[in-house]
There are 2 protein chains.
Amino acid sequence: MVLARLILGLLCLAPMTGYELKKHFDSSINHFWNADKAQIYRTLAQLVDKGYATVTTVAQSNYPDRQEHHITDAGRQALVGWLSDGAAQGTERDPFMGQVFFAAELPREDIDQLLSERRVKTQAVLDDYLSQREGIDMRAAADRRSFLMAATLDHAIRQQAAELEWLDAVMEHLP
Amino acid sequence: MVLARLILGLLCLAPMTGYELKKHFDSSINHFWNADKAQIYRTLAQLVDKGYATVTTVAQSNYPDRQEHHITDAGRQALVGWLSDGAAQGTERDPFMGQVFFAAELPREDIDQLLSERRVKTQAVLDDYLSQREGIDMRAAADRRSFLMAATLDHAIRQQAAELEWLDAVMEHLP
DNA sequence: AGTAAGTGGGTGCAAAATCAACTAAATATG
DNA sequence: CATATTTAGTTGATTTTGCACCCACTTACT
């Protein structure tokens with residue numbers, strides 16, 4: 001149900017097609033959520049028949065018709081309701097930590113490899129986030145909306161950086 | 001399918017019942033994964049009919065019979081296979097970041113409340129992790145297995161600590 | 001001219017995860 | 001004495017997610 005709220009949030013910024021929503025998920029939302037195309041279209045349909053959004057078909061000259069989804073007042077209310085609702089702090093799930101937890105079953109060199117591979121990937125993710133942040137840095141402090149959006153990216157950056165430090169510590173002290 | 005591997009990992013440490021597995025998930029695994037009771041029992045059944053585990057019914061005097069699950073060689077192989085497999089770095093999902101991302105829809109005081117409530121919860125989670133770590137600290141450096149298990153807890157601690165810092169920064173600079 | 005990539009929208013299916021209840025006996029707590 | 005909690009496991013229904021396809025048309029690349 002988080003996905004439904006996130007979509008409402010995006011529709012709150014501007015009316016959009018499922019296709020555009022997917023692009024937003026892949027570009028600006030990817031540091032804290034990801035969503036499958038099919039899931040997006042299905043959730044959109046649900047939002048419409050719950051009355052949280054409406055659809056308008058907009059014809060285009062060259063490209064396919066846009067099924068433009070607009071948030072309704074009920075949708076806006078649902079969004080605000082979710083936003084102020086203390087969200088149960090669901091346990092973060094990290095498959096990689098599962099691997100580390102049981103990695104003692106592996107020979108030493110495989111453990112080292114597991115960790116250093118992860119380090120490379122984490123660094124790559126961090127670099128990606130850092131380059132994303134470059135495009136917004138200046139104007140971020142300006143209005144509250146941009147500030148908060150940028151803040152979530154900063155969070156992701158801090159998390160990745162903390163993981164790098166942790167990886168280095170583990171690799172150094174592993175008996 | 002991460003759950004299946006995690007269960008295999010635990011069965012690799014000792015034969016166990018579904019009930020005991022659930023307790024392990026709630027106590028020592030909770031900082032990076034959580035699992036529903038029903039899901040554990042169903043996954044156990046799958047493991048058995050894939051040949052990754054076997055069941056032995058052990059009668060007890062006062063309590064219900066134990067369905068003790070033992071890992072097989074095939075199971076151990078499957079576990080090791082997963083452990084050394086570079087696991088696709090699935091995007092971490094964090095509903096709270098979704099709330100922050102769209103929090104500008106809320107009045108200022110509600111945003112402050114959202115953040116400070118989160119701060120309290122994060123601090124509580126951190127304290128829980130810190131107290132968990134106290135029980136293992138000394139012997140952790142000893143063998144590799146304990147070290148790695150403790151390391152995942154350290155990771156969670158670092159993540160929570162980083163989040164606290166981030167929350168403070170956001171609360172301080174929010175326009 | 002042919003092939004890829006982009007725009008836009010879907011369907012079908014299976015696995016994974018969640019919620020809620022239900023059984024049943026023992027032991028601990030008030 | 002009554003009520004919770006612990007031990008142990010199970011069932012059903014529903015949701016969420018992921019993967020793999022499919023359509024049709026347009027623009028860009030080579």
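Any value given below was found using the heavy atoms of this structure, including those in side chains, with hydrogens, waters and symmetry copies removed. Residue numbers start from 1 in every chain, and the chains themselves are labelled A, B, ... in the order their sequence lines are given, proteins ahead of strands.
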(request) Could you say whether B/Gln39 or A/Glu68 is positioned toward the 5' end of DNA chain C, judged by the nucleotide with the nearest heavy atom to each? (result) A/Glu68
(request) Can you figure out which of C/dT11, C/dT7, C/dA17 approaches the side chain of A/Ala38 most closely? (result) C/dT11
(message) Assess, by modelled atom type and distance only, whether the side chains of B/Glu68 and B/His70 contain a donor and an acceptor separated by less than 3.5 Å.
(response) yes
(request) Look at the side chain of A/Gln67 and decide which nucleotide, out of C/dG10, D/dT17, D/dG9, has an atom nearest to it. (result) C/dG10
(request) By nearest nucleotide on DNA chain C, pick out whichever of A/Asp36 and A/Tyr41 is the more 5' one. (result) A/Tyr41
(request) Using distance alone, with no hydrogens and no angle criterion, decide if A/Asp73 and A/Gln77 have a side-chain donor and acceptor under 3.5 Å apart. (result) no
(message) Using whole Å, what does the distance between atom P of nucleotide D/dT7 and atom NZ of B/Lys23 come to?
(response) 4 Å
(request) Kindly say if A/Lys22 contacts the phosphate of C/dG9, meaning a side-chain N or O under 4.0 Å from OP1 or OP2. (result) no
(message) Whether A/Arg118 and A/Glu163 form a salt bridge (side-chain N of Lys/Arg under 4.0 Å from carboxylate O of Asp/Glu) is what I want to check.
(response) yes
(message) Please report the distance, rounded to the nearest Å, between CZ in B/Arg42 and C1' in D/dT15.
(response) 13 Å
(message) Rounding to an integer number of Å, can you tell me how far A/Leu44 CG sits from C/dG10 C1'?
(response) 12 Å
(request) Answer yes or no: does a side-chain N or O of A/Thr17 lie under 4.0 Å from OP1 or OP2 of C/dG9? (result) yes
(request) Assign each of A/Tyr63 and A/Val2 to its nearest nucleotide of DNA chain D by heavy atoms, then name whichever residue's nucleotide is nearer the 5' end. (result) A/Val2
(message) Less than 4.0 angstrom between a side-chain N/O of B/Tyr19 and OP1 or OP2 of D/dG9, yes or no?
(response) no
(message) Below 30° counts as parallel, above 60° as perpendicular, anything between as tilted: where do the rings of B/Trp166 and B/Phe96 land?
(response) perpendicular
(message) Quick check for you: among D/dG12, D/dT26, D/dA24, whose closest atom lies nearest to any side-chain atom of A/Asn62?
(response) D/dT26
(request) Grab the CG-P distance between B/Leu21 and D/dT10 for me, whole Å please. (result) 13 Å
(request) Compare the minimum distances between each of C/dA17, D/dT16, D/dG18 and the side chain of B/Trp33, then state the nucleotide with the smallest one. (result) C/dA17
(message) Could you tell me how far apart A/Leu3 (CG) and D/dT17 (P) are, to the nearest whole angstrom?
(response) 6 Å
(request) Taking the side chain as every heavy atom from C-beta outward, state whether B/Leu44 and B/Leu11 have any pair of such atoms under 4.5 Å apart. (result) yes
(request) Answer yes or no: does a side-chain N or O of B/Arg93 lie under 4.0 Å from OP1 or OP2 of D/dT17? (result) yes
